[in-house]
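Input: a single structure, listed below in structure tokens.
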Number of protein chains: 2
Amino acid sequence: MSLSYAIEARSRYEAPRSASSDAAVDLLDRMGVRMAFAKDEEVYGQDEDADLIYRVVSGAIRTSRVMSDGRRQIGDFYYPGDLFGLEAGPEHRFSAEALSDCVILVLKRSALKAAGAAPELERLIFAATLSELQRTQEHLLLLGRKTACEKVASFLAELAERRGSDMVDMPMCRQDMADYLGLTIETVSRMLSQLQGSSIVEFSGCRQFRVRNHDALSRLAD
Amino acid sequence: MSLSYAIEARSRYEAPRSASSDAAVDLLDRMGVRMAFAKDEEVYGQDEDADLIYRVVSGAIRTSRVMSDGRRQIGDFYYPGDLFGLEAGPEHRFSAEALSDCVILVLKRSALKAAGAAPELERLIFAATLSELQRTQEHLLLLGRKTACEKVASFLAELAERRGSDMVDMPMCRQDMADYLGLTIETVSRMLSQLQGSSIVEFSGCRQFRVRNHDALSRLAD
DNA sequence: CGTCATCTTGATTACGCTCAAGCTCCGTGG
DNA sequence: CCACGGAGCTTGAGCGTAATCAAGATGACG
């Protein structure tokens, strides 16, 4: 892996890929196996061995952690091109499930290690790890210090930015949003209604919205 | 800052260090510059260029992010042996400040890159990044889904576990705890009193406590 | 068109926040 | 050595935001 992550770490959705990371992605594609998962199917479970890493080809993934009494926290959502399943220890701390029907590229860690002569690959994985760390740190701020309204506004703003369009289809249900934001579905629903009432966003069906006032939305998201 | 921190916390959580990572640490030591920071002094600021990485030699560090209206979230606390300051992008998203007077080993990223022939070093930094990601994910669960009491219990339990002893000195003030846990100092204080009232912990001065009932504490921490 | 899951809305409750007062611990100087 | 002062911590009273409990509304799908 390389320490030039500053350059290499393409932010997740926008920046175009460098030639070298394209090559690395191609290599990943050749080394991995494609698998299909149905909506809500588990890709891996909490406490399972973490000897594989994964890349979303199509569809979307959520990672989540469930407490003994059923409370759930969603770690993140992953979309095509994203790597997930990296762990510091030998076991997964979060489980991963398909948000929708999806295709996942699966790679053995050991295979990656064997192909040690591929520094591009190591760089790619390191960059993905750093990028995920950064996203998780933003998530900390959201959970620890934002109000319900700010949480929901941040969530919609990020979806819209990632999508790069005003019209956004959300792949996740209200419960997934709630468990990502540390709220209940009722509160999420109320905040969405409130944002719609303020003409900041407009919903057409509960899974599709349009941003009507970007400034107001990002001001709320802080 | 007590010596026992320095000895104890060289490797933060799990495995004792391998010979190779010891060599890598020695290399780090030789490449870096030692700097002293006074209590509350800033090591780097939010939005500053991230062209250095850091290792705690003695003392303790907190990383934090402040919102425009002053709300603050602490990312993590770092102790001797811990690396910090790694970023996905070119700028720091969190600032870092000295919790106590401390000595920090500072390394230029570019110097690390130049010493590209040191795969041990890259492995060490990658492992530190993964470990930090894991900690941050646990922090997510705490912030998103735990009650005030569970948050405080988790915090004390982790401090005690890290210290490996029943008697624990806390290097941080109540405000730091509160901003780590997503609470107010009043709530932190109330929960500490409550835990003490239940004979689960016992404080001798507000910065030192003893765990009296490990089982109860870890049950509350979930 | 009917059924069931998902989502929204309403009423009430409770957990943690705010505001306010007192206490403890230390360092400092008389 | 003790009095003083101030920062940090604790405790109390009341409040507000989001949770809970409970109906309805919407929408997807057979």
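Basis for what follows: all heavy atoms, side chains included, without hydrogens, waters or symmetry-related copies. Chain letters run A, B, ... following the sequence lines, proteins first, then strands; residues in each count from 1.
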Grab the N/O contacts between the protein and nucleotides 1-5 of chain C below 3.5 Å, and write none if there aren't any.
none

Pairwise N/O distances under 3.5 Å, protein to nucleotides 20-27 of chain D:
residue : atom : partner  : partner atom : Å
D:dT20  : O4   : A:Arg190 : NH2          : 2.8
D:dC21  : N4   : A:Glu186 : OE2          : 3.1

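The backbone N or O of B:Lys39 sits less than 3.5 Å from a side-chain atom of B:Asp101, completing a donor-acceptor pair. No donor-acceptor pair under 3.5 Å is formed between the side chain of B:His139 and the backbone N or O of A:Gln137.
What separates NZ of B:Lys39 from P of C:dG27 is a distance of 12 Å, to the nearest Å. As a whole-Å value, the separation of A:Leu99 CG from C:dT6 P is 13 Å. Here the C1' atom of nucleotide C:dT18 and the CD1 atom of B:Ile185 are 11 Å apart, to the nearest Å. Summarising the geometry, the separation between CG on A:Leu181 and P on D:dA18 is reported as 12 Å, rounded to the nearest angstrom. If you take CE of B:Met191 and C1' of D:dG12, they are 14 Å apart, rounded to a whole angstrom. Remark: P of D:dA18 and CG of A:Asp179 are 17 Å apart, rounded to the nearest angstrom. Rounded to an integer number of Å, the gap from B:Leu195 CG to D:dT11 P is 12 Å. In this entry the distance linking CG of A:Leu192 with P of C:dC7 reads 10 Å, nearest Å.
Partners of B:Thr63 by side chain to side chain donor-acceptor pair (under 3.5 Å), not counting sequence neighbours: none found. Residues meeting the salt bridge (Lys or Arg N to Asp or Glu O under 4.0 Å) test with A:Asp40, sequence neighbours left out: A:Arg62. Residues satisfying the salt bridge (Lys or Arg N to Asp or Glu O under 4.0 Å) criterion with B:Arg190, sequence neighbours excluded, are absent altogether. For A:Asp29, the side chain to side chain donor-acceptor pair (under 3.5 Å) criterion is met by A:Arg55, not counting sequence neighbours. Partners of A:Glu87 under the side chain to side chain donor-acceptor pair (under 3.5 Å) rule, at least two apart in sequence or in another chain, are A:His92. Take A:Ile185 and apply the side chain to side chain contact (heavy atoms under 4.5 Å, CB included) test, not counting sequence neighbours, and it matches A:Arg174, A:Gln175, A:Ala178. Applying the salt bridge (Lys or Arg N to Asp or Glu O under 4.0 Å) test to B:Asp215 and every residue at least two apart in sequence or in another chain returns nothing.
Within residues 170-178 of chain A, the residues having any heavy atom closer than 4.0 Å to DNA chain C are, in order of number, A:Cys173, A:Arg174. Listed by residue number, the members of residues 137-155 of chain A with any heavy atom below 4.0 angstrom from DNA chain D are A:Thr147, A:Ala148.
Ionic pairing of B:Arg72 and B:Asp176 is present here: one or more N-O contacts between side-chain nitrogen and carboxylate oxygen are shorter than 4.0 angstrom.
The number of heavy atoms from other shown groups lying within 6.0 Å of CE (A:Met35) does not exceed 12.
Counting any heavy atom pair closer than 4.0 Å across all strands shown, A:Ser193 reaches sugar-phosphate atoms only and no base atom.
For A:Tyr44 and A:Tyr54, the ring centers are positioned less than 6.0 Å apart.
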Working for side-chain hydrogen bond (donor to acceptor under 3.5 Å, both in side chains), residues B:Ser64 and B:Glu97
CA-CA 8 Å; B:Ser64 61; B:Glu97 301 103 35; 3.3 Å; yes
For residues 195-204 of chain B, which side-chain donor-acceptor pairs fall under 3.5 Å, sequence neighbours excluded?
residue  : atom : partner  : partner atom : Å
B:Gln196 : OE1  : B:Phe203 : N            : 2.6
B:Ser198 : OG   : B:Gln194 : O            : 2.8
B:Glu202 : OE1  : B:Arg210 : NH2          : 2.8
B:Ser204 : OG   : B:Gln208 : OE1          : 3.1

